[in-house]
Amino acid sequence: KTVAKKTTEKKSPAKAEPIDPILAEKIRKAEIRRNKIQRSKELMKHISFDESKTFNQAVQVEKPAKVKSVLLAQAKPEGDKSPYADLAVKYGVVVDYKPFIHLEGIETREFRRQRINPMDYQAVIFSSRGVVDTFFKLMNEMRIKLSENMRYYCMTEAIALYLQKYIMFRKRKVFYGDGTFKGFVQTLLHYRDNERYLIPCADNHKRDLPEFLTKSKFDFSEAIIFNTVPAELKEKEILKYDLILFFSPSGVHSLLHNFKNVRAKKIRFGTFGPVTAQAMLDNNLKLDVVAPVSEAPSMLMALELYLKKANK
């Protein structure tokens, strides 16, 4: 009887645990990001080159008008030497730099909403000195003292040396790459030690590092410490250029934020990366220069191929 009773008893369904709203929002944003990346991949299949096509045939059927000036929507690189400078001399064009966005550090209450405790991590990844400053400013405001055993991974040696402003510099806990993404991930792999990694970053940042860490099965979290804000741009300073090159979707959004009538202007545009190209096409803006593609894996090469046809 006891056995029969047990077999006929109906188990009450388990109550579903309430989903944390912050976690739900993160899942939603991750799904949106995945969908955008997938759309961008499909886009690049459409505009990418096969071996039978040249760069100019794929992007521009007719000979484009001569280019006299080019604007790169990013900060000017440090140092006097730039590969774009050589290109400017070779084709007789003016090449200037202007960041279309700037980053604003978040307040402590915004950081706390992410429910990330830096003390739960054994390593921090820094991509710039600005990230270092903002991260330690937040730690100071929240009165968080990081462990002396915390390890720091920096994109360049200059960033690693800059850390001396905030920590006692020890070679055994500070590691850095050669300034390239490939060199940096090799450093991560070489010194990997079952750590939990924290990546302080902007709300709209590149996905190459998180994607690599996920693929390589690193235990990591992204901590948003910056908000991406459109820079104030003046029409006479920006819309005078023949060609503007973008390296992130944020730059495209900043252009449209500042200039509602940009589609009516005779400006040509170029983009690096499928997500940036997608942002351009989503806003009905024509693409004249596209990278990376088989014949032009870098923006520098894509620009030279375009200038070779436009300015010959």
Side-chain angles (χ1 to χ4, degrees), residues 17-38 103 105-106 108 110-140 142-157 159-160 162-163 166-227 275:
E17 295 183 4
I19 299 175
D20 179 66
I22 294 176
L23 178 60
E25 181 65 12
K26 282 185 178 180
I27 294 171
R28 186 186 71 82
K29 287 183 178 180
E31 185 63 29
I32 291 172
R33 192 180 298 120
R34 278 194 296 271
N35 290 338
K36 283 184 178 179
I37 291 171
Q38 185 59 39
L103 301 175
I106 66 172
T108 54
E110 292 180 73
F111 186 86
R112 288 194 178 99
R113 283 183 196 141
Q114 300 176 63
R115 297 188 179 180
I116 290 176
N117 182 3
M119 298 297 290
D120 293 338
Y121 298 82
Q122 295 79 47
V124 184
I125 295 175
F126 290 122
S127 57
S128 72
R129 287 182 290 184
V131 173
V132 173
D133 286 332
T134 303
F135 177 76
F136 281 102
K137 179 176 178 288
L138 280 169
M139 297 302 99
N140 183 55
M142 294 190 293
R143 298 180 182 178
I144 294 176
K145 187 177 180 181
L146 299 176
S147 168
E148 291 185 359
N149 296 321
M150 181 73 78
R151 290 154 69 96
Y152 302 93
Y153 293 84
C154 305
M155 186 67 71
T156 65
E157 184 180 8
I159 300 169
Y162 188 73
L163 273 173
Y166 299 100
I167 66 168
M168 291 293 292
F169 192 91
R170 296 175 189 165
K171 287 186 178 180
R172 64 180 176 82
K173 69 173 186 177
V174 180
F175 312 96
Y176 55 85
D178 59 5
T180 66
F181 179 73
K182 183 179 179 181
F184 181 62
V185 297
Q186 286 176 346
T187 301
L188 284 171
L189 291 170
H190 181 74
Y191 292 104
R192 183 176 186 176
D193 190 25
N194 296 322
E195 303 152 316
R196 292 192 71 196
Y197 296 79
L198 184 64
I199 310 176
C201 56
D203 56 345
N204 191 0
H205 60 286
K206 291 182 179 180
R207 302 302 307 165
D208 49 1
L209 181 59
E211 286 172 4
F212 167 80
L213 295 177
T214 301
K215 186 177 179 181
S216 303
K217 297 183 179 179
F218 279 73
D219 185 1
F220 73 97
S221 298
E222 299 167 68
I224 306 302
I225 64 170
F226 291 112
N227 287 324
V275 179

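Counting from 1, the numbers follow the sequence of the chain as shown. As the structure is a prediction and not an experimental result, all values here were calculated from the model.
- Rounding to the nearest 0.5 Å gives a distance of 12.0 Å between CE of M119 and CG of L198.
- R151 contributes no side-chain N or O that, together with a main-chain N or O of D193, makes up a donor-acceptor pair within less than 3.5 Å.
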**Prompt:** Does the pair M142 and R112 meet the rule for a side chain to side chain contact (heavy atoms under 4.5 Å, CB included), with working shown?
**Reply:** CA-CA 9 Å; M142 294 190 293; R112 288 194 178 99; 3.6 Å; yes
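- Ring pair F136/Y152 is tilted by interplanar angle, where 30° to 60° counts as tilted.
- Within the 4.5 Å cutoff, no side-chain heavy atoms of M155 are placed close to those of L209.
- The backbone N or O of C201 sits nowhere less than 3.5 Å from a side-chain atom of E222 that would complete a donor-acceptor pair.
- In this structure, the side chain of S147 engages the main chain of N149 through a donor-acceptor pair within 3.5 Å.
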**F184/L188 under side chain to side chain contact (heavy atoms under 4.5 Å, CB included): CA gap, chis, key distance, verdict** = CA-CA 6 Å; F184 181 62; L188 284 171; 3.7 Å; yes
**Request:** Please step through side chain to side chain contact (heavy atoms under 4.5 Å, CB included) for the pair Y121 and F220, ending with a clear verdict.
**Result:** CA-CA 8 Å; Y121 298 82; F220 73 97; over 6 Å; no
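- Classification of the Y197-Y153 ring pair by plane angle, with boundaries at 30° and 60°, yields tilted.
- Between F126 and F135, the angle of the ring planes goes over 60°, which puts this pair in the perpendicular group of the 30/60° scheme.
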**Request:** Could you walk me through whether L103 and T134 pass the side chain to side chain contact (heavy atoms under 4.5 Å, CB included) test, one step at a time?
**Result:** CA-CA 10 Å; L103 301 175; T134 303; over 6 Å; no
